[in-house]
Participant: 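Take this structure, written in structure tokens, and hold onto it; I'll ask about it next.
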Amino acid sequence: MRHSGRDRRKGEEQTMNQLERTLAIIKPDSFAGGHTGEILAMIEAAGFRILGMRMTRLSKAQAQGFYDVHRGKPFFAGLVEFMTEGPVVVLALERENAIKAWRDLMGATNPAGAAEGTIRKKFGTAIDRNAVHGSDAPETAAYELGFFFSGADLA
Ligand code: ATP
Ligand code: MG
């Protein structure tokens with residue numbers, strides 16, 4: 001039996017309103033620059049619930065493991081160097097459509113092309129010093145959340 005338009009809309013609405021989790025990082029440049037507080041305020045103002053938050057300093061092996069998908073790319077060594085240069089704040093965020101919503105708030109990878117009002121526009125200074133990280137898909141969010149937080153922390 002075919003679903004009526006009404007049923008289909010209802011189904012889409014439920015999918016759209018699904019609570020979702022994503023992993024965010026306040027990168028070494030924005031932490032060192034003293035922008036952590038303002039970034040956290042932007043996160044809260046955008047309706048994210050902070051499920052987990054931890055300050056840490058990544059080892060080289062951790063940064064390589066975290067960005068494993070980029071291993072072999074020309075910018076990989078520089079990315080690892082940057083991510084290990086100072087403390088970071090890792091965050092587990094929850095919201096409806098959290099993955100896309102957080103990437104929208106971050107702005108484009110290259111701050112030069114990021115939209116007004118985004119975090120990267122405000123605090124990023126170069127493509128390889130772009131203030132914040134965000135998961136890019138449900139599978140990567142699951143991997144990245146598990147990389148920094150135990151299931152018990154986020155229950
Ligand atoms: P992130 O994964 O950090 O949230 P992103 O998903 O917007 O950023 P990716 O394509 O996953 O971008 O790249 C990971 C990181 O590698 C970027 O944040 C950026 O710092 C760096 N990077 C990506 N492309 C380049 C490039 N062409 N030159 C230098 N650094 C780059
Ligand atoms: Mg990415």
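Along the sequence shown, residues carry numbers from 1. This is a predicted model, so every value here is computed, not measured. All ligand and atom numbering here is 1-based and tracks the order in the structure.
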Participant: Strictly distance-based, threshold 3.5 Å: is any side-chain N or O of Ser30 a donor or acceptor partner for the main-chain N or O of Ala131?
Facilitator: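 Between the backbone of Ala131 and the side chain of Ser30 there is a qualifying donor-acceptor contact (under 3.5 Å).
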Participant: Any nitrogen or oxygen of Val132, main chain or side chain, under 3.5 Å from a nitrogen or oxygen of ligand 1?
Facilitator: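 So ligand 1 has no N or O lying under 3.5 Å from an N or O of Val132.
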Participant: Does any N or O of ligand 1 fall below 3.5 Å from an N or O anywhere on Arg103, backbone included?
Facilitator: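 Among all N and O atoms of Arg103, at least one is under 3.5 Å from an N or O of ligand 1.
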Participant: Could you name each residue pair satisfying ring pair (Phe, Tyr, Trp, His ring centres under 6.0 Å) that touches residues 73-131, not counting sequence neighbours?
Facilitator: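 Sorted pair list: His35-Phe123, His70-Phe75.
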Participant: Please check if the side chain of Ser135 supplies one atom and the backbone of Thr22 the other of a donor-acceptor pair under 3.5 Å.
Facilitator: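 Looks like no, no N/O pair under 3.5 Å.
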Participant: I'd like to know if the side chain of Arg57 reaches the main chain of Val88, judged simply by a donor and an acceptor atom lying under 3.5 Å from each other, with no hydrogens or angles considered.
Facilitator: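 No; judged by distance alone, with no hydrogens or angles, the pair does not exist.
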Participant: Where is the nearest protein heavy atom to atom 19 (C) of ligand 1: which residue, which atom, and how far?
Facilitator: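 Result: Ile127 O, 3.2 Å.
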Participant: Quick one: look up the protein heavy atom nearest atom 1 (P) of ligand 1 and list residue, atom name and how far away it is.
Facilitator: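 The closest heavy atom on the protein side is His133 ND1, 3.1 Å.
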Participant: Keeping the roles fixed (side chain from Arg21, backbone from Ala92), state whether a donor-acceptor pair exists under 3.5 Å.
Facilitator: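 Checking the backbone N and O of Ala92 against the side chain of Arg21, no donor-acceptor pair under 3.5 Å is found.
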Participant: Report the part of Phe82 (side chain from C-beta onward, or backbone N, CA, C, O) that has a heavy atom under 4.0 Å from ligand 1; answer both or neither where that applies.
Facilitator: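 Near ligand 1, Phe82 shows nothing, with every heavy atom at 4.0 Å or more.
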Participant: Suppose I only count heavy atoms of Thr109 and a 4.0 Å limit; which atoms of ligand 1 are within that range?
Facilitator: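 Numbered from 1, ligand 1 contributes 5 (P), 7 (O), 12 (O), 17 (C).
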Participant: Which atoms of ligand 1 have any heavy atom of His70 under 4.0 Å away?
Facilitator: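 Those of ligand 1 that fall under 4.0 Å from His70 are 9 (P), 10 (O), 11 (O), 13 (O), 14 (C).
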Participant: Among all protein heavy atoms, pick out the one at the shortest distance from atom 16 (O) of ligand 1; state its residue, atom name and that distance to 0.1 Å.
Facilitator: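 Answer for atom 16 (O) of ligand 1: Phe75 CE1, 3.3 Å.
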Participant: Could a heavy atom of Arg120 be found less than 4.0 Å from some atom of ligand 1?
Facilitator: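 It does; at least one heavy atom falls under 4.0 Å.
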Participant: For the 3.5 Å polar cut-off, considering only N or O atoms, please tell me whether Arg129 and ligand 1 meet it.
Facilitator: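 N/O-N/O distance under 3.5 Å: no.
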Participant: Would Val132 and Phe31 show up in the same hydrophobic cluster when neighbours are defined by side-chain heavy atoms closer than 4.5 Å?
Facilitator: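 The answer is yes; both residues are in one hydrophobic cluster.
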Participant: Nearest protein heavy-atom contact for atom 18 (O) of ligand 1: which residue, which atom, what distance?
Facilitator: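 Of every protein heavy atom, Asn130 ND2, 2.8 Å lies nearest to atom 18 (O) of ligand 1.
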Participant: Inspect the surroundings of NZ in Lys73 and state if more than 12 heavy atoms from other residues, nucleotides or ligands are less than 6.0 Å away.
Facilitator: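 Enclosed.
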Participant: For Glu94 and Arg49, indicate whether the former's side chain and the latter's backbone hold a donor-acceptor pair under 3.5 Å.
Facilitator: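 Checking the backbone N and O of Arg49 against the side chain of Glu94, no donor-acceptor pair under 3.5 Å is found.
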Participant: Closer than 4.0 angstrom: is that true for some heavy atom of Leu79 and an atom of ligand 1?
Facilitator: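 Contact check Leu79 vs ligand 1: positive.
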Participant: Taking 4.0 angstrom as the limit and counting only heavy atoms of Asp128, give me the atoms of ligand 1 inside it, by number and element.
Facilitator: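 What qualifies from ligand 1 is 20 (O), 30 (N).
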Participant: Can you list the atoms of ligand 1 that are under 4.0 Å from a heavy atom of Gly134?
Facilitator: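 Atoms satisfying the 4.0 Å criterion: 4 (O).
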Participant: Could you tell me whether Met106 and ligand 1 have an N or O pair separated by under 3.5 Å?
Facilitator: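 For ligand 1, there is no N or O atom that lies under 3.5 Å from one belonging to Met106.
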Participant: Give me the ring orientation class for His133 and Phe66: parallel if the planes are under 30° apart, tilted from 30 to 60°, perpendicular past 60°.
Facilitator: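 Perpendicular.
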Participant: Relative to ligand 1, is Lys27 under 4.0 angstrom through side chain, backbone, both or neither, heavy atoms considered?
Facilitator: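 It is the side chain that touches ligand 1; the backbone stays farther off.
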Participant: Using a 3.5 Å distance criterion without hydrogens, assess whether the side chain of Arg129 forms a donor-acceptor pair with backbone atoms of Asp29.
Facilitator: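 It does not hold such a pair.
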